[in-house]
Amino acid sequence: MKNRISLSFFRSIWFRTVFLIICVGIIPFLVCVPISLGAYERVSIHTDATNLMAQVISYNNQIVTSGYVTGEENDILDTELKAIAESYNGRILIINSSLKIIRDSFSADIGKTVIWENIIYSMQGESLYYFDKLTNYLIVSVPLTNSEGDIVGVLVINKSMDYLDQNKDVFNSYLMIGAVVILSMTIIIAVLSQIRFSRPMKNLEKSLDAIIRESESVLPEEKSFVELESISSKFNEVIGKLHSIDESRQEFVSNVSHELKTPLTSMKVLADSLNGSEDVPIEMYKEFMLDIGEEIDRETKIINDLLSLVRMDKSGAVLNISAVNINELIEHILKRLKPIAEKSDIEVVYESFRPVVAEVDEVKFTLVVTNLVENAIKYNNEGGWVHISLNSDHQYFYIKVEDNGLGIPEDSVEHIFERFYRADKSHSREIGGTGLGLAITKSSIAMHNGEIKVHSKLGEGSTFDVRIPLNYIEKEVQ
Ligand code: ADP
């Protein structure tokens with residue numbers, strides 16, 4: 001448990017933001033310090049080398065014309081060069097064209113031959129420098145030329161660069177103080193900003209707790225940050241949706257109870273009136289029993305429709321998909337429904353533009369066509385007509401069910417797919433409608449990733465357009 005708490009601390013926004021702010025404050029510092037110290041060292045070496053070269057060049061004429069480079073004695077030059085070498089805490093060597101040391105401010109290596117690539121390059125006219133990190137010495141080699149421009153020797157001058165380390169130590173100590181100041185400032189800024197940022201989050205958490213405990217029903221408006229403001233308003237939307245789902249569930253339950261109770265009440269009234277009267281003639285018994293039978297049929301239809309709806313509503317409801325010949329299926333359904341249409345002298349015409357085979361759940365798709373055609377017959381006039389057509393393109397197949405019947409009032413059109421909704425309540429009940437048919441139809445079409453649209457005019461008729469993909473593509477579960 002303790003371990004989990006400590007791990008969740010590292011995963012908290014609090015820890016991560018503080019860590020990030022500290023990194024942002026300190027990393028540039030850690031990167032810049034070595035880079036600037038390196039740059040300082042390079043610039044100092046280059047400046048010192050250039051100065052040394054200029055100094056040697058100023059002595060060139062004196063050294064060459066006096067014959068000092070060929071071994072002639074010159075006390076003044078001796079003293080001057082020694083003084084220069086001492087001032088740099090270094091050494092001066094003069095090497096002749098045979099690479100022999102002619103002069104040495106230490107007087108230690110006179111007569112020795114030196115073979116070093118910088119000296120060889122300088123013999124060819126180049127002025128060079130090299131910094132020896134091990135000894136901390138800067139070594140500069142400059143060619144000595146006579147008045148004709150010929151190279152007669154090379155002057156090598158060493159300079160101790162110990163002052164660089166001393167300067168770097170001073171820099172480092174200043175930088176350390178700077179680092180401590182920056183680190184403390186970033187920590188203070190990070191902690192303070194986190195306290196400021198986490199307060200509205202804590203408030204949001206408290207408000208959500210209040211909603212869970214049901215002491216509040218909406219989140220208070222959050223005015224701290226735009227992001228939190230948008231999260232709170234989204235939460236309120238979700239809460240609103242949950243409320244409306246709950247309300248529609250309650251409404252559905254009360255509708256179901258009401259619909260199931262109505263036939264039972266009728267049966268009770270019929271049975272009571274038979275039980276309450278004496279010497280009831282057998283004809284009346286038969287008539288009442290017929291009515292009771294009708295009410296039982298009605299109750300059965302409501303229950304069957306409810307079961308179909310529940311089966312489709314169940315999340316994860318499975319479709320039994322297979323390749324179905326839609327033309328044959330429609331013809332089969334119409335064969336079953338035509339006798340009902342004939343009773344009211346309604347003409348049913350089916351027109352198929354091409355053969356269609358589609359991947360559908362045969363049982364659930366049958367409900368779609370049956371409900372639409374049944375409604376077109378039910379809500380029609382004596383002698384009316386119902387036209388059904390089937391067409392397809394490369395992606396979808398289309399079914400149109402058109403009638404010249406009663407039509408739907410304009411303000412009812414948007415509600416007809418709701419459960420238990422009936423545009424004309426008394427007529428619908430009279431003809432045995434449950435108000436669930438179109439809700440079942442819509443669910444089934446949605447399960448097939450299809451669409452349904454309706455156009456209707458009261459007194460003129462209705463047209464239902466259905467579009468379903470030919471190939472069923474299972475939706476990914478999120
Ligand atoms: P019901 O079982 O009452 O027919 P439905 O869900 O199938 O329920 O239809 C809902 C309502 O839509 C019906 O009560 C009816 O008023 C209206 N309706 C559906 N189809 C048609 C149609 N073809 N013509 C006129 N009204 C229709």
Side-chain angles (χ1 to χ4, degrees), residues 248 251-252 255-256 258-263 266 294-313 330 333-334 336-338 340-341 343-350 364-389 399-447 450-466:
S248 81
E251 195 188 314
F252 179 65
N255 280 342
V256 170
H258 175 76
E259 293 298 328
L260 291 178
K261 242 174 94 182
T262 316
S266 306
E294 270 172 23
E295 292 301 334
I296 290 172
D297 285 348
R298 188 169 160 65
E299 186 93 31
T300 314
K301 185 160 169 32
I302 296 173
I303 291 169
N304 284 341
D305 278 0
L306 273 173
L307 283 175
S308 304
L309 201 63
V310 167
R311 258 180 238 128
M312 294 215 220
D313 264 7
I330 295 179
I333 295 168
L334 294 184
R336 202 157 42 76
L337 295 178
K338 262 183 184 155
I340 306 169
K343 272 192 206 157
S344 310
D345 194 22
I346 293 167
E347 182 194 29
V348 177
V349 181
Y350 172 49
K364 293 190 174 78
F365 180 70
T366 302
L367 287 174
V368 173
V369 182
T370 309
N371 282 332
L372 291 178
V373 179
E374 234 172 27
N375 281 350
I377 298 169
K378 270 192 318 193
Y379 303 104
N380 215 321
N381 304 307
E382 274 291 313
W385 52 256
V386 177
H387 290 173
I388 301 111
S389 71
I399 295 176
K400 191 194 279 271
V401 180
E402 213 176 343
D403 66 67
N404 67 337
L406 308 179
I408 305 162
E410 212 180 313
D411 54 342
S412 295
V413 173
E414 58 178 314
H415 299 291
I416 55 171
F417 295 102
E418 291 169 12
R419 296 155 176 184
F420 296 114
Y421 185 84
R422 297 171 181 116
D424 178 352
K425 288 182 183 52
S426 57
H427 183 70
S428 175
R429 261 190 68 79
E430 208 178 281
I431 53 182
T434 60
L436 293 172
L438 286 182
I440 294 169
T441 303
K442 193 167 182 186
S443 291
S444 172
I445 292 172
M447 284 178 93
E451 262 181 31
I452 180 163
K453 282 192 182 133
V454 54
H455 305 277
S456 185
K457 204 149 193 205
L458 195 63
E460 288 183 17
S462 315
T463 306
F464 287 83
D465 284 299
V466 177

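Each ligand, and each atom within it, is numbered from 1 in the order the structure gives. Heavy atoms only: backbone and side chains are in, while hydrogens, waters and symmetry mates are out.
L438 has its side chain within reach of N375: a pair of non-hydrogen atoms, C-beta onward, lies under 4.5 Å apart. Annotation: side chain of I330 is in contact with side chain of Y350 (closest heavy-atom distance under 4.5 Å). Residues D403 and Y379 form no side-chain contact, since every pair of their non-hydrogen atoms from C-beta on lies 4.5 Å or further apart. Side-chain contact between S444 and M312 is present, with at least one heavy-atom pair separated by less than 4.5 Å. With contacts defined as side-chain heavy-atom distances shorter than 4.5 Å, the pair I416/V454 qualifies.
At a 4.0 Å heavy-atom cut-off, ligand 1 does not touch L406 at all. Contacts with ligand 1 closer than 4.0 Å are made by side-chain heavy atoms of D403 only, the backbone lying farther away. Only the backbone of Y421 comes within 4.0 Å of ligand 1, counting heavy atoms alone; no side-chain atom from C-beta on gets that close.
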Walk me through whether D305 and K301 qualify under salt bridge (Lys or Arg N to Asp or Glu O under 4.0 Å).
CA-CA 6 Å; D305 278 0; K301 185 160 169 32; 3.6 Å; yes
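Using the six-membered ring where Trp is involved, F464 and F417 have ring planes that are perpendicular, over 60° apart on the 30 and 60° scheme.
We find that R422 and E259 are joined by a salt bridge, their nearest charged nitrogen and carboxylate oxygen being less than 4.0 Å apart.
Under a 4.0 angstrom heavy-atom cut-off, K378 registers as being in contact with ligand 1. Between S462 and ligand 1 there is a heavy-atom distance shorter than 4.0 Å. In this structure, N371 has no heavy atom closer than 4.0 Å to ligand 1.
Every N/O-N/O distance between I408 and ligand 1 stays at or above 3.5 Å. Residue A439 has no N or O atom closer than 3.5 Å to an N or O atom of ligand 1. Polar contact check, F464 against ligand 1: no nitrogen or oxygen pair lies under 3.5 Å apart.
Closest heavy-atom approach to atom 1 (P) of ligand 1 among the candidates S412, G437, G435: G435.
Taking every non-hydrogen atom of T434 and a distance limit under 4.0 Å, the qualifying atoms of ligand 1 come out as 1 (P), 2 (O), 3 (O).
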